[in-house]
Amino acid sequence: MNDQLTVLSHPLVGHIMTELRDQNTSPHQFRALVRKLSMLLCYEATRDLPTVEKQVITPVAPAQGVMVDQSKLVFLPILRAGLGMLDGALELVPDASVGHLGMYRDEETLTPVHYYTKLPPQFEGRGAVILDPMLATGGSAVDAVEKAASYGPAWIKFLCILSAPQGIEKLSKAYPDVKIYTAAVDQCLNDHGYIVPGLGDAGDRIFGTVG
Ligand SMILES: O=P(O)(O)OC[C@H]1O[C@H](OP(=O)(O)OP(=O)(O)O)[C@H](O)[C@@H]1O
Ligand SMILES: O=c1cc[nH]c(=O)[nH]1
Ligand SMILES: [Mg+2]
């Protein structure tokens, strides 16, 4: 693989992924599993955040601690499915800002269609963390990074639950500076652009709209 890519490698991640893939998993369970994986992805992606020292007094003695300036982070979920990852990310960084990138993938052309954008106006000195459970062809991810980059963030990271080799390649070639964090990399895409074996349509499974 490449050094832009971090794949969560852990027995518990494998366990959660297996439950997530199972077609018998209910939307309620699916959302809970996506939330857990999103927290773990966010944990990895925030490993290099700067800290400032802070002294506190414990019941026993003064202690030198550190704090993170959470306002330096902006989470950008790609609607709809990315919303499923937001709770987990905000659980770890509750004071981050949130912007929304509305796009869906046209079923015929597999290219993203943009329908809504609402980002915080002030990105200077802040990092952008894009959230979308699925990195398939990579078209949506590349468009999301392009949009985020136009706001001038200090850096951009892309967090997804599941990815296909095609999507990783497309995103990493288009944006070599964007680090990608994923819980698993699958084999390929099928003729409809779905990840194989995958987990189906993440948005439909999160929101209970499976046909
Ligand atoms: O890598 P790509 O080939 O662009 O595919 C990935 C995109 O497809 C899914 O969204 P979808 O179009 O299903 O929209 P939804 O979240 O509203 O269901 C997924 O959540 C990504 O945004
Ligand atoms: O497998 C896939 C591919 C794109 N979007 C999804 O939700 N699932
Ligand atoms: Mg969908």
Side-chain angles (χ1 to χ4, degrees), residues 1-2 4-5 7 16-27 29-31 33-35 37-38 41-42 75-89 98-119 128-149 156-175 178-211:
M1 281 295 172
N2 60 35
Q4 259 180 275
L5 181 68
V7 183
I16 298 169
M17 279 301 310
T18 305
E19 293 181 330
L20 196 68
R21 291 180 192 275
D22 189 338
Q23 63 178 355
N24 294 318
T25 296
S26 70
Q29 293 168 317
F30 194 90
R31 282 193 294 274
L33 295 165
V34 166
R35 187 173 185 278
L37 288 174
S38 304
L41 287 163
C42 188
F75 290 127
L76 299 176
I78 300 180
L79 309 184
R80 295 173 295 169
L83 287 177
M85 297 179 70
L86 186 60
D87 265 7
V98 179
H100 294 84
L101 297 169
M103 64 180 87
Y104 67 87
R105 195 174 68 154
D106 182 277
E107 283 178 17
E108 299 294 322
T109 63
L110 299 185
T111 54
V113 179
H114 297 244
Y115 59 86
Y116 183 72
T117 304
K118 181 73 180 176
L119 270 57
V129 180
I130 300 172
L131 308 171
D132 192 326
M134 308 303 275
L135 178 59
T137 66
S140 306
V142 165
D143 274 22
V145 171
E146 184 181 2
K147 186 138 282 189
I156 300 173
K157 296 187 181 192
F158 187 88
L159 274 53
C160 58
I161 305 281
L162 195 53
S163 49
Q166 291 94 323
I168 294 167
E169 193 180 344
K170 183 170 175 129
L171 180 56
S172 51
K173 277 202 172 138
Y175 290 100
V178 171
K179 291 209 158 60
I180 304 167
Y181 297 80
T182 188
V185 182
D186 271 6
Q187 288 151 21
C188 58
L189 299 176
N190 67 15
D191 292 344
H192 304 287
Y194 277 86
I195 299 176
V196 181
L199 49 78
D201 187 296
D204 282 342
R205 295 198 64 185
I206 289 168
F207 295 109
T209 52
V210 180

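Remember, it's 1-based here, ligands and their atoms both numbered in the order they're listed.
Separation of atoms CD1 (I195) and CD (Q166) is listed at 9.0 Å; rounding is to 0.5 Å. Rounded to the nearest 0.5 Å, atoms NZ (K179) and OG (S172) are 12.5 Å apart. To the nearest 0.5 Å, atoms CG (L76) and CG (D132) are separated by 11.5 Å. Note that CG of D22 is 11.0 Å distant from CZ of F30, once rounded to the nearest 0.5 Å.
Using a distance-only test at 3.5 Å, with no hydrogens or angles considered, a donor-acceptor pair links the side chain of R205 to the main chain of L199. Judged purely by atom type and a 3.5 angstrom limit, R105 has no side-chain atom pairing as donor or acceptor with the backbone of L110. Formation of a donor-acceptor pair under 3.5 Å by the D186 side chain with backbone atoms of G198 is found in this model. Between the side chain of S140 and the backbone N or O of P112, no donor-acceptor pair lies under 3.5 Å. Formation of a donor-acceptor pair under 3.5 Å by the S163 side chain with backbone atoms of A184 is found in this model.
The shell of residues lying under 4.0 angstrom from ligand 2, judged by heavy atoms, includes G193. Residue contact check for ligand 2: R205 places no non-hydrogen atom closer than 4.0 Å to it. Residue G138 places a heavy atom less than 4.0 Å from ligand 1.
In terms of protein heavy-atom proximity, atom 19 (C) of ligand 1 is closest to D132 OD1, 3.4 Å. Nearest non-hydrogen protein atom to atom 2 (P) of ligand 1 is T137 OG1, 3.4 Å. Here the heavy atom of the protein found nearest to atom 12 (O) of ligand 1 is R105 N, 2.7 Å. For atom 13 (O) of ligand 1, the closest non-hydrogen atom of the protein is D201 OD2, 3.4 Å. Looking only at protein heavy atoms, the nearest one to atom 18 (O) of ligand 1 is R80 NH2, 3.0 Å. Remark: minimum distance from atom 4 (O) of ligand 1 to any protein heavy atom is reached at S140 OG, 2.6 Å.
Within the 4.0 Å cut-off (strictly below), no protein heavy atom is located near atom 9 (C) of ligand 1.
Residue contacts with ligand 1 for D204 are absent, since no atom lies close enough (heavy atoms, distance under 4.0 Å).
Every atom of ligand 2 with a heavy atom of G200 under 4.0 Å away is listed here by number and element: 1 (O), 2 (C), 6 (C), 7 (O), 8 (N).
A donor-acceptor contact under 3.5 angstrom links the side chains of T209 and R80, judged on distance only.
At least one N/O-N/O distance between A81 and ligand 1 falls below 3.5 Å. Looking at ligand 2, you won't find any N or O of A136 less than 3.5 Å from one of its N or O atoms. Residue M134 places no N or O, backbone or side chain, under 3.5 Å from any N or O of ligand 1.
At a threshold of 2.8 Å, the Mg ion (ligand 3) has no backbone or side-chain N, O or S atom of D204 nearer than that distance.
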